[in-house]
Number of protein chains: 2
Amino acid sequence: MSNSKLYKGSLITIILKLLSENDKMYGYEITQKVKALTKGELNITEGALYPALHKLEADGVLEVEVTKVDNRLRKYYKLTEKGTTETANKLSELQKYIETMQALVNSKTRLA
Amino acid sequence: MSNSKLYKGSLITIILKLLSENDKMYGYEITQKVKALTKGELNITEGALYPALHKLEADGVLEVEVTKVDNRLRKYYKLTEKGTTETANKLSELQKYIETMQALVNSKTRLA
DNA sequence: AATATATACATAAGATTTTTATGTATGTAA
DNA sequence: TTACATACATAAAAATCTTATGTATATATT
């Protein structure tokens with residue numbers, strides 16, 4: 001990531017969402033996909049991404065499958081069953097966060 | 001703040017927004033106001049709030065006015081001119097963030 | 001009278017997440 | 001042969017937050 005501080009805390013949600021729609025993806029692919037989908041608005045850094053993937057794997061949310069393409073290493077990640085549940089949770093959390101923030105931003109908060 | 005990690009990075013935006021609608025507020029009042037507006041969803045902790053207010057003051061975004069009410073100390077904060085500009089920036093960043101995340105969440109991201 | 005809760009400030013230690021800086025290695029374009 | 005893209009990785013530092021603690025006054029409860 002390298003952006004508005006608001007992106008802090010969103011990385012896991014983004015990864016899981018992408019994996020819920022693409023049944024397997026590798027790290028570099030995720031960075032490129034996010035850059036494309038957000039028109040360059042959001043750039044995930046490797047220093048944030050790889051540790052996050054490792055943690056998700058360690059937590060049993062993702063499983064990995066190492067392959068070699070063009071003599072180059074690739075680690076494909078996919079959601080486990082637990083990962084699918086976790087994705088739903090993270091997405092509903094995001095929805096709730098957005099609603100809460102919209103409420104704060106849109107409301108007149110002046111005292112009566 | 002509270003539970004969902006998504007709130008990380010949002011505190012400054014929330015403070016500034018509240019102060020843009022209430023011309024002066026003190027710390028404790030901000031915590032109560034946010035709790036009420038979010039129906040308990042978001043609880044700003046003192047350990048996060050006070051350092052944030054101090055930083056905003058040091059940055060010239062807020063100015064402080066110390067008073068005594070019922071023999072108890074109160075530090076009222078209000079936006080400076082710089083703070084008003086900063087508020088507009090933070091709010092448009094939030095709007096942009098929400099749009100970006102909505103795009104990520106709602107779009108089908110599968111490869112063609 | 002004593003205790004708990006609310007009001008009101010503050011800071012320090014630790015946890016978590018991210019940026020920035022590096023490092024390795026291969027393939028391709030200039 | 002130099003630069004850029006692909007593809008992984010980690011470590012130091014920065015940023016932000018939680019948890020814990022501290023001070024002090026006012027009010028409500030037991």
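So you know, we letter chains A, B, ... as the sequences are listed, proteins then strands, and number each from 1.
- Across all strands shown, Arg72(A) has heavy atoms under 4.0 Å from base atoms, whether or not it also approaches the sugar-phosphate.
- The minimum heavy-atom distance linking Ala52(A) with Ile15(A) is given by the pair CB-CD1, 4.1 Å.
- Between the CZ atom of Arg74(A) and the P atom of dA9(D) there is a distance of 14 Å, given to the nearest Å.
- Going from atom CD of Glu65(B) over to atom P of dA8(C) covers 15 Å, rounded to whole Å.
- Side-chain proximity of Lys5(A) to dC9(C), dA15(D), dA7(D): nearest is dA15(D).
- Nearest nucleotide to the side chain of His54(B), out of dT25(D), dT11(C), dT16(D): dT11(C).
- Using a 4.0 Å cut-off between charged side-chain N and carboxylate O, Lys82(A) and Glu86(A) make no salt bridge.
- One can place NZ of Lys68(B) at 13 Å from P of dA8(C), the figure rounded to the nearest angstrom.
- Here the side chains of Val66(A) and Tyr76(A) are not in contact, with every heavy-atom distance at 4.5 Å or above.
- Looking at residues 82-100 of chain A, you'll see that no heavy atom sits under 4.0 Å from any atom of DNA chain C.
- Each of Asp70(A) and Gln32(B) has a nearest nucleotide on DNA chain C; the 5'-most of these lies closest to Gln32(B).
- With hydrogens and angles ignored, the 3.5 Å screen pairs no side-chain donor or acceptor of Thr87(A) with any backbone N or O of Ser20(A).
- Applying the 4.0 Å criterion to OP1 and OP2 of dA10(C), one finds that Lys75(B) has a side-chain N or O inside that range.
- Counting to the nearest Å, the P atom of dA10(C) and the CD1 atom of Ile30(B) are 11 Å from each other.
- The shortest side-chain heavy-atom distance between Lys35(B) and Leu42(B) does not fall under the 4.5 Å cut-off.
- Rounded to a whole Å, the CG atom of Asn71(A) is 10 Å from the P atom of dT28(C).
- The interatomic distance linking Leu42(B) (CG) with dT16(D) (P) rounds to 17 Å, in whole Å.
- Atoms OH (Tyr50(A)) and P (dA9(D)) sit 6 Å apart, rounded to a whole Å.
- Side-chain atoms of Tyr77(B) lie closest to dA10(C) of the nucleotides dA26(D), dA10(C), dA9(D).
- Of the side-chain N and O atoms in Tyr26(B), none sit less than 4.0 angstrom from OP1 or OP2 of dC9(C).
- Lys78(B) has its side chain out of reach of Leu62(B): every pair of non-hydrogen atoms, C-beta onward, lies at least 4.5 Å apart.
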Distances under 3.5 Å between nitrogen or oxygen atoms of protein and nucleotides 17-19 of chain D:
from    : atom 1 : to       : atom 2 : distance (Å)
dC17(D) : OP1    : Gly9(B)  : N      : 2.8
dT18(D) : OP1    : Met1(B)  : N      : 2.9
dT18(D) : OP1    : Met1(B)  : O      : 3.3
dT18(D) : OP1    : Ser2(B)  : N      : 2.7
dT18(D) : OP2    : Met1(B)  : N      : 2.2
dT18(D) : OP2    : Thr45(B) : OG1    : 3.0

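- Checking side-chain atoms of Thr80(B) against main-chain N and O of Val61(B) turns up a donor-acceptor pair under 3.5 Å.
- The nucleotide whose nearest atom lies closest to any side-chain atom of Leu73(A) is, among dT11(C), dC8(D), dT17(C), dC8(D).
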- Apply the test side-chain hydrogen bond (donor to acceptor under 3.5 Å, both in side chains) to residues Tyr97(A) and Ser10(B): give CA-CA distance (whole Å), side-chain angles for both, the deciding distance (0.1 Å), then the verdict. CA-CA 10 Å; Tyr97(A) 166 77; Ser10(B) 316; 2.8 Å; yes
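- Residues Val105(A) and Leu91(B) meet the side-chain proximity criterion, which asks for heavy atoms closer than 4.5 Å.
- Rounded to an integer number of Å, the gap from CE of Met25(A) to C1' of dC8(D) is 16 Å.
- Under the 4.0 Å criterion applied to side-chain N and carboxylate O atoms, Lys75(B) and Glu65(B) are not assigned as salt-bridge partners.
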